Amino acid sequence: MLTKRSSIVLHPFWIFFFTILAYTNTLRNSFLLWDDNWLIYQNRWVTSRSFSCILLIFNPGTNRTELGSEYLPFPQFFYWLEYFFWENNPIGYHLTQILVYSLSCQLLYYLFRTFTSPSIAFWTSILFALHPIHTESVTWLSGQKDIWALFFFLLTCLAHQKKYFKLAQMGLVLALLSKGTAVILIGCLFLLDKLQHASVSKNWKHYLRYGIFTGLLLALHLWTASHHGNIQENPPTFQETVASFGISSLLYLKLLCIPTPLLAHYELCSIPPSYGIGIALVLGVGSLGYALFRLYSRLLTPSSFFWLWFWGTLLPVSNLIFYRTSAFFAERYLLFPSIAFCYMLATFLTLYSPKLRWFVLICFLLLTIERNQDWQDTERLWKQNLTISPKNATVWGNLGMYYQELLPYEKNLVLANQYLRQSEICYQECLKFQPQHIRTIHNLGLLELERIRLNSDALPREVHLQKAHDFFLQALKINPEMTQALSSLGGIAFQVGDLSSAKQYYLRALACDSAHFVSLVGMGNILLSEKNYPQSEFFYQKAFEDRPQEWILKHYCLGLLYTEWAKRDIQYWSLAEQNLLKVQKIHPKAEQELARLYKIKNNK
């Protein structure tokens with residue numbers, strides 16, 4: 001049996017060892033074409049070498065559309081820092097997440113040592129470290145915000161218990177700058193104090209500071225969400241929300257106890273709302289009533305602690321406080337609630353069945369290692385999901401988008417056509433289960449345009465344009481304000497020479513989203529064709545002002561504009577030359593336009 005002194009060294013070592021053992025196989029995983037692309041290695045804020053980007057990331061007034069429409073500056077800053085060292089190598093990003101997660105498990109161990117035995121603290125931490133439900137947060141690189149929030153969450157709890165209140169306040173701020181769900185942290189601090197029978201009234205000044213910081217940062221999160229369309233305009237009714245939360249709570253509890261099978265996207269079973277509300281009431285009122293009675297009686301047991309912690313940490317993602325546009329149900333939402341579950345499980349096993357602890361540990365370890373392999377790449381992730389849930393329309397759509405996103409990068413025409421067919425099959429399966437899936441309908445239209453580019457069959461170009469046109473109109477019937485469909489229709493009208501229709505579609509798109517890039521460039525092209533050069537320049541400049549990554553297209557478009565303008569006023573000749581020379585060796589048509597430009601000068 002370990003002494004108290006030796007356990008301080010050996011327990012953290014074994015926690016670190018098993019955490020690394022469980023997640024080492026994630027180092028070979030690649031980036032996923034599921035948020036990782038636009039959020040990390042294709043994101044201009046992350047890939048910029050400019051230190052001024054750091055200030056813009058932390059500035060609440062910065063347009064955060066490209067940053068997920070959320071105010072999460074710390075993980076976004078850390079992506080910038082990781083890209084500085086690792087660029088497009090995913091190993092570095094995975095290594096960061098594993099190490100931060102391992103440190104979080106160490107903090108959890110030292111936190112629980114403050115109010116329970118070293119043995120229970122050890123088993124709580126190691127079961128938490130190996131619980132398979134955490135694979136999404138640790139393995140998915142876009143989930144790094146969850147890991148940082150967990151780290152600062154536990155740092156705040158430990159610092160508060162050790163009475164390092166300045167450090168606790170700093171940790172609370174950083175937790176909220178990592179993820180908005182850390183808003184419940186102040187309630188967890190109160191619960192931990194009650195678990196140790198500590199006097200809350202003596203720390204009222206510190207709780208007041210915690211409350212001020214929490215209120216200010218919560219207001220900032222909500223303001224950012226409302227200004228960037230991250231709060232639903234037509235949210236579900238309160239009854240529907242309560243019903244969905246009741247159903248999801250049952251699944252959450254099942255996954256905590258039996259973490260298999262695990263999926264990247266879940267579809268909640270469809271039952272009458274009254275049943276869901278009944279489940280929510282029975283679970284919520286019953287368990288909370290029991291836990292609150294225990295809390296009032298100062299007899300807070302591991303089970304009553306679990307129920308209070310479980311419902312409290314689920315509250316920010318329940319849609320009962322404010323509405324979200326992200327997934328209603330996700331494994332990553334169990335990262336905080338699972339802390340209390342692992343404490344309850346460790347306490348029960350230690351007291352009643354110590355030998356069973358190793359069996360549970362090995363099961364968790366093997367399930368985690370196996371689950372990590374599903375996250376190896378995008379195709380494998382969605383195909384695994386479909387083996388368990390073959391009628392999941394969203395997953396079929398996501399797999400179709402994966403194949404479609406490979407098309408622009410594939411130079412082998414045989415493979416490109418193969419990806420195109422696979423994408424089309426996935427989209428058809430998606431519509432079989434959800435006929436009104438608007439994103440899939442729009443993507444089918446884009447596939448028709450890809451067929452023209454790849455010359456994939458013998459059908460005339462006009463036939464594919466008409467099919468694409470029909471798909472985009474079908475999407476508009478479902479949502480008349482779908483910006484992507486409007487801009488796509490504008491593009492087709494421009495290709496066939498119908499400039500007036502193209503202009504109407506682009507203007508409708510810009511009425512829905514004034515910064516829509518494709519529509520702004522489209523308007524610039526139309527006005528250039530109409531020889532309205534000043535207005536064309538205005539739309540081009542507006543399109544590219546927040547898109548430095550599109551510098552090749554920017555200089556080519558401006559080069560074309562100033563070339564045409566030079567026919568009317570020779571002073572624009574030098575501007576045309578400057579822009580075209582910048583992309584002379586990159587853009588395939590730049591040389592041709594430069595030759596035309598020099599011919600204009602000779603004629604003048």
Side-chain angles (χ1 to χ4, degrees), residues 15 18-27 29 31-32 34-36 39-40 68 70 72 74-76 78-79 82 90 93-108 125-155 174-182 184-185 248 251-252 255-256 259-266 309-310 313-314 316-317 324 326-342 364-365 367-376 378 381 384-385:
I15 293 168
F18 277 107
T19 306
I20 298 301
L21 179 64
Y23 286 99
T24 298
N25 65 336
T26 66
L27 294 176
N29 291 7
F31 288 112
L32 298 182
W34 184 39
D35 293 356
D36 288 356
L39 196 59
I40 305 176
E70 296 178 279
L72 308 174
F74 186 84
Q76 288 155 358
F78 219 85
Y79 283 140
E82 287 172 294
Y93 301 85
H94 284 296
L95 190 61
T96 298
Q97 291 195 195
I98 295 170
L99 291 176
V100 175
Y101 180 64
S102 177
L103 288 173
S104 301
C105 296
Q106 303 288 337
L107 290 173
L108 183 63
S125 304
I126 204 164
L127 290 176
F128 177 84
L130 300 181
H131 202 297
I133 202 70
H134 301 155
T135 50
E136 179 177 325
S137 297
V138 184
T139 307
W140 187 29
L141 295 180
S142 296
Q144 196 170 114
K145 58 187 178 184
D146 298 285
I147 300 302
W148 281 116
L150 174 69
F151 175 79
F152 291 120
F153 183 98
L154 294 171
L155 178 65
L174 289 172
L176 283 164
L177 291 178
S178 299
K179 194 168 184 182
T181 51
I184 199 63
L185 183 50
S248 62
L251 185 53
Y252 281 136
L255 289 175
L256 284 174
T260 183
L262 298 176
L263 305 174
H265 184 274
Y266 291 83
W309 186 285
F310 176 78
T313 50
L314 268 187
V317 294
R324 302 163 53 95
S326 59
F328 193 97
F329 184 98
E331 292 171 10
R332 58 187 177 273
Y333 296 162
L334 282 175
L335 191 61
F336 293 156
S338 61
I339 292 173
F341 172 78
C342 291
F364 278 8
L365 176 64
L367 285 171
T368 297
I369 292 173
E370 183 184 15
R371 178 59 176 159
N372 290 337
Q373 295 173 354
D374 294 333
W375 289 85
Q376 191 169 347
T378 315
L381 178 68
Q384 180 274 340
N385 208 132

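Values reported hereafter were calculated over all heavy atoms of this structure, with side chains retained and with hydrogens, waters and symmetry mates removed. Because the structure is predicted, anything quoted here is derived from the model rather than measured.
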Would Leu381 and Asn385 count as a side-chain contact (heavy atoms from CB on, under 4.5 Å) here? Give the steps. CA-CA 6 Å; Leu381 178 68; Asn385 208 132; over 6 Å; no

What heavy-atom pair brings Ile184 and Pro316 nearest, and what distance separates the two atoms? CB-CG, 4.1 Å

Ring centroid separation His134 to Phe128 under 6.0 Å: yes

Take Leu141 and Leu32, measure what side-chain contact (heavy atoms from CB on, under 4.5 Å) needs, and give me the verdict at the end. CA-CA 8 Å; Leu141 295 180; Leu32 298 182; over 6 Å; no

Flag for Thr26-Asn372: side-chain donor and acceptor within less than 3.5 Å: no

What are the two closest heavy atoms between Leu72 and Lys145, and how far apart are they? CD1-CD, 3.5 Å

Donor-acceptor contact below 3.5 Å, side chain Tyr101 vs main chain Ile147: no

Below 4.5 Å, heavy atoms only, C-beta onward: do Thr135 and Glu331 meet side chain to side chain? yes

I would like to know whether Tyr333 and Thr181 meet side-chain contact (heavy atoms from CB on, under 4.5 Å); could you show each step before the answer? CA-CA 9 Å; Tyr333 296 162; Thr181 51; 5.9 Å; no

Heavy-atom side-chain proximity of Ser102 to Tyr23 below 4.5 angstrom: no

For Trp140 and Asp36, run side-chain contact (heavy atoms from CB on, under 4.5 Å): C-alpha distance rounded to whole Å, both residues' side-chain angles, the deciding distance at 0.1 Å, then the answer. CA-CA 8 Å; Trp140 187 29; Asp36 288 356; 3.5 Å; yes

Separation of Leu262 CG from Leu367 CG (nearest 0.5 Å): 7.5 Å

Taking all heavy atoms of Asn29 and all of Trp375, pick out the closest pair and write down the distance. ND2-O, 3.3 Å

Note: Pro261 and Leu255 closest approach over all heavy atoms is O-CD2, 3.9 Å

Side chains of Ile98 and Leu27 in contact at under 4.5 Å (non-hydrogen atoms): yes

Is it true that the side chains of Gln144 and Thr96 contain a donor and an acceptor less than 3.5 Å apart? no

Which distance, rounded to the nearest 0.5 Å, do you find between the OG of Ser104 and the CD1 of Ile339? 9.0 Å

If every non-hydrogen atom of Phe153 is compared with every non-hydrogen atom of Ala175, which pair is closest and at what distance? N-CB, 4.0 Å

Gap separating the CG atom of Leu256 from the NE2 atom of His131, nearest 0.5 angstrom: 5.0 Å

dist Trp309:CH2 -> Phe336:CZ (nearest 0.5 Å) comes out at 9.0 Å

dist Ile15:CD1 -> Gln106:CD (nearest 0.5 Å) comes out at 5.0 Å

How about Tyr252 and Phe310: are their ring centres within less than 6.0 Å of each other? no

So, applying side chain to side chain donor-acceptor pair (under 3.5 Å) with Gln384, which one of Gln376, Arg371, Gln373 is it? Arg371

Can you tell me how far the CG atom of Leu108 sits from the CG atom of Leu155, to the nearest 0.5 Å? 12.5 Å

Short question: side chain of Trp148, backbone of Leu174 - any donor-acceptor pair under 3.5 Å? no

So which atom in Leu176 and which in Gly180 form the shortest heavy-atom distance, rounded to 0.1 Å? CD2-O, 4.1 Å

